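Shown next, in structure tokens, is the structure this report addresses.
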Amino acid sequence: MIALFFLLSAIIVGLDQWLKFWIVSNFELGDVQTLIDHVFSLTYIRNTGAAWSILEGKMTFFTIITVVAVIVVTYLLIRHRKSSIWFRLGLSFILAGAIGNFIDRLRLGYVVDMFQLDFINFPIFNIADMSLVIGVLLIFIYALVDDEVKGK
């Protein structure tokens, strides 16, 4: 059963890398393609930092943090293989997000981002970023449900 969670992570990483490849192949840096007027666009940018470009250019830092995160998340997935589905799904999404952006940093020296929300001032992001956020939300749900089950 644990293999399904690693498979889910691999599928998300595959989708992330495929879309990034497609964007780089079909867009010039900075190109914008509006999908829904004033709501959503595809915009090709290169990010050498984290969200909002914080810690820009700190590749060694991101490498160390990502390697540690992947090791810890993998350990937790294996150790808690019979835990809540919410917890295991959350870990799978976090693992996928970390690996997806790590591949870019190793291969390109930056992360390819493309999703832009036009109705709000928000950083441009990618599938790996969404995966990280979804993973954290799923673990948050697990924490709420687990507390309810235990009657806390």
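The structure displayed is predicted, hence computed values, not measured ones.
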Self-check item: Whether N101 side chain and A98 backbone form a donor-acceptor pair below 3.5 Å
Solution: no
Practice problem: For residues F6 and L95, determine if any side-chain heavy atom of one lies less than 4.5 Å from a side-chain heavy atom of the other. | Solution: yes
Quiz item: Is it true that a side-chain atom of Q17 and a backbone atom of G100 form a donor plus acceptor pair closer than 3.5 Å?
Solution: yes
Quiz item: Hey, mind stepping through V32 and Y44 against side-chain contact (heavy atoms from CB on, under 4.5 Å) and telling me if it holds?
Solution: CA-CA 7 Å; V32 178; Y44 172 30; over 6 Å; no
Quiz item: Taking it one step at a time, do L42 and Q116 satisfy side-chain contact (heavy atoms from CB on, under 4.5 Å)?
Solution: CA-CA 6 Å; L42 290 178; Q116 181 170 354; over 6 Å; no
Self-check item: Least distance between heavy atoms, F5 atom then I85 atom
Solution: CZ-CD1, 3.6 Å
Practice problem: Could you tell me whether the side chain of V112 reaches within less than 4.5 Å of the side chain of N126, counting heavy atoms only? | Solution: no
Quiz item: Any donor and acceptor pair, going by atom type alone, linking the side chain of S84 with main-chain N or O of W86 inside 3.5 Å?
Solution: yes
Practice problem: State which residues pass salt bridge (charged side-chain N to carboxylate O under 4.0 Å, His left out) with D104; sequence neighbours excluded, sorted by chain then number. | Solution: K20
Quiz prompt | With sequence neighbours excluded, residues passing salt bridge (charged side-chain N to carboxylate O under 4.0 Å, His left out) with D113 | solution = none
Self-check item: Sole residue of H80, R79, R81 in side-chain contact (heavy atoms from CB on, under 4.5 Å) with S83
Solution: H80
Quiz item: Which pair of heavy atoms, one from L8 and one from F93, lies closest together, and at what distance?
Solution: CD2-CE1, 3.8 Å
Quiz prompt | side-chain contact (heavy atoms from CB on, under 4.5 Å) assessment of V39 paired with F119 | solution = CA-CA 5 Å; V39 176; F119 61 92; 4.1 Å; yes
Quiz item: Is there side-chain contact between L19 and M114, with at least one heavy-atom pair below 4.5 Å?
Solution: yes
Quiz item: Is the side chain of R105 donor-acceptor paired with the backbone N or O of G49 at a distance under 3.5 Å, no angle test?
Solution: yes
Quiz item: Between N47 (side chain) and V111 (backbone), is there a donor-acceptor pair under 3.5 Å?
Solution: no
Exercise. Would you check if the distance from the ring center of W22 to the ring center of F27 is below 6.0 Å?
Key: yes
Quiz item: Would one find more than 12 heavy atoms of other residues, nucleotides or ligands at under 6.0 Å from atom CZ of F40?
Solution: yes
Quiz item: So S92 and L77, side-chain contact (heavy atoms from CB on, under 4.5 Å) or not? Walk me through it.
Solution: CA-CA 8 Å; S92 297; L77 257 174; 4.1 Å; yes
